[in-house]
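Lettering of chains follows the sequences in order, A, B, ..., and the numbering in each one begins at 1.
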Amino acid sequence: ETGVTQTPRHLVMGMTNKKSLKCEQHLGHNAMYWYKQSAKKPLELMFVYNFKEQTENNSVPSRFSPECPNSSHLFLHLHTLQPEDSALYLCASSPRQGATNEKLFFGSGTQLSVL
Amino acid sequence: QQQVKQSPQSLIVQKGGISIINCAYENTAFDYFPWYQQFPGKGPALLIAIRPDVSEKKEGRFTISFNKSAKQFSLHIMDSQPGDSATYFCAAAPNTGNQFYFGTGTSLTVIP
């Protein structure tokens, strides 16, 4: 295991639902990330938190709302999603943001389907 | 604009053969080039990485070849095995910040 745990593994939700994705890392890292993985597309960086502070928001729609209560936990709150938001959502961590030889440790992802 | 272009999209190789995946980039500020391996149902995991001060890096059966002038780098998997069947992503990162730019991935199938 990578030390990054994501729950749930699978999620099916309607467009009017509200749900949350959870990520927990046991590596003592200070940076955490949300990526979106869609078929035949590059991994898309959504949000970055460094020492619990959000440092990157790559023009993500407001229907995605991140929360980082501490350096070990990261949430992605979802509401009024669209079918095109169906994808694999990956959480990752690294010791800290800003060092270019940092290795990203990914969780196994949450496969989200929006009906 | 796609920062890192990866090819081929899919690749089928016989066991024992050489698998080659290519990536190209434009941004000369990139100075770190990792490759990630992803098995079904798992997140990507770092496989091997290179910096532009060397032209080649080898770790076991995996080799990165780097051509700075052409702004291209490639992953070679020697003696490919069925257990290597996975999706491979190249990536690039600049020397400031840590925004990783990923390729679109290559699905490798190694036939026994």
Side-chain angles (χ1 to χ4, degrees), chain A residues 1-10 21 23-25 27 29-51 55-60 74 87-111, chain B residues 1-11 21 23-54 57 59 64 66 86-107:
Chain A
E1 294 302 324
T2 64
V4 180
T5 304
Q6 288 187 245
T7 54
R9 291 296 306 274
H10 302 273
L21 309 185
C23 177
E24 182 175 2
Q25 57 96 359
L27 302 168
H29 290 168
N30 293 307
M32 297 188 76
Y33 312 75
W34 280 116
Y35 279 88
K36 177 182 178 182
Q37 184 175 20
S38 304
K40 301 180 182 179
K41 289 186 178 181
L43 271 70
E44 299 174 46
L45 178 65
M46 300 176 71
F47 302 103
V48 182
Y49 279 82
N50 202 28
F51 293 94
T55 56
E56 298 277 351
N57 177 339
N58 277 5
S59 303
V60 181
L74 185 64
L88 180 68
Y89 288 84
L90 290 163
C91 173
S93 71
S94 68
R96 60 187 173 90
Q97 184 187 15
T100 57
N101 60 351
E102 292 280 284
K103 175 180 174 180
L104 291 174
F105 292 76
F106 284 91
S108 295
T110 294
Q111 186 65 54
Chain B
Q1 181 185 355
Q2 196 170 320
Q3 297 270 2
V4 179
K5 295 183 179 180
Q6 183 173 348
S7 63
Q9 185 176 305
S10 62
L11 182 60
I21 304 170
C23 285
Y25 65 97
E26 288 297 325
N27 191 339
T28 55
F30 290 154
D31 79 339
Y32 178 60
F33 303 89
W35 285 89
Y36 280 79
Q37 179 188 55
Q38 184 177 26
F39 293 105
K42 300 291 186 182
L46 180 66
L47 182 65
I48 187 173
I50 196 169
R51 289 195 171 277
D53 52 346
V54 296
K57 183 173 181 180
E59 291 184 3
I64 300 178
F66 186 84
T87 300
Y88 293 81
F89 293 92
C90 62
N95 51 15
T96 57
N98 73 332
Q99 167 78 290
F100 284 85
Y101 296 89
F102 286 86
T104 51
T106 296
S107 176

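- The contact between A:Leu90 and chain B is made entirely by side chain atoms (from C-beta outward), counting heavy-atom distances below 4.5 Å.
- Minimum interatomic distance between A:Lys40 and B:Thr104 (heavy atoms only, all atoms of both residues): O-CG2, 3.8 Å.
- Side chains of B:Gln38 and A:Leu88 form a contact here, defined as non-hydrogen atoms less than 4.5 Å apart.
- If you measure heavy-atom distances from A:Lys41 to chain B, the contacts under 4.5 Å come from the backbone alone.
- Among A:Ser108, A:Gly109, A:Ser38, the residue with the largest count of heavy-atom pairs under 4.5 Å with chain B is A:Ser108.
- Heavy atoms of A:Gln6 lying under 4.5 Å from chain B are absent altogether.
- Most heavy-atom pairs under 4.5 Å with chain A: of the set B:Gly103, B:Pro34, B:Gly105, this distinction falls to B:Gly103.
- Comparing B:Gly41, B:Gly43, B:Pro44 by heavy-atom pairs within less than 4.5 Å of chain A, the highest count is held by B:Pro44.
- A ring-ring contact (aromatic ring centres under 6.0 Å, His included) with A:Phe106 is found for one member of B:Phe89, B:Phe100, B:Tyr36 and no other, namely B:Tyr36.
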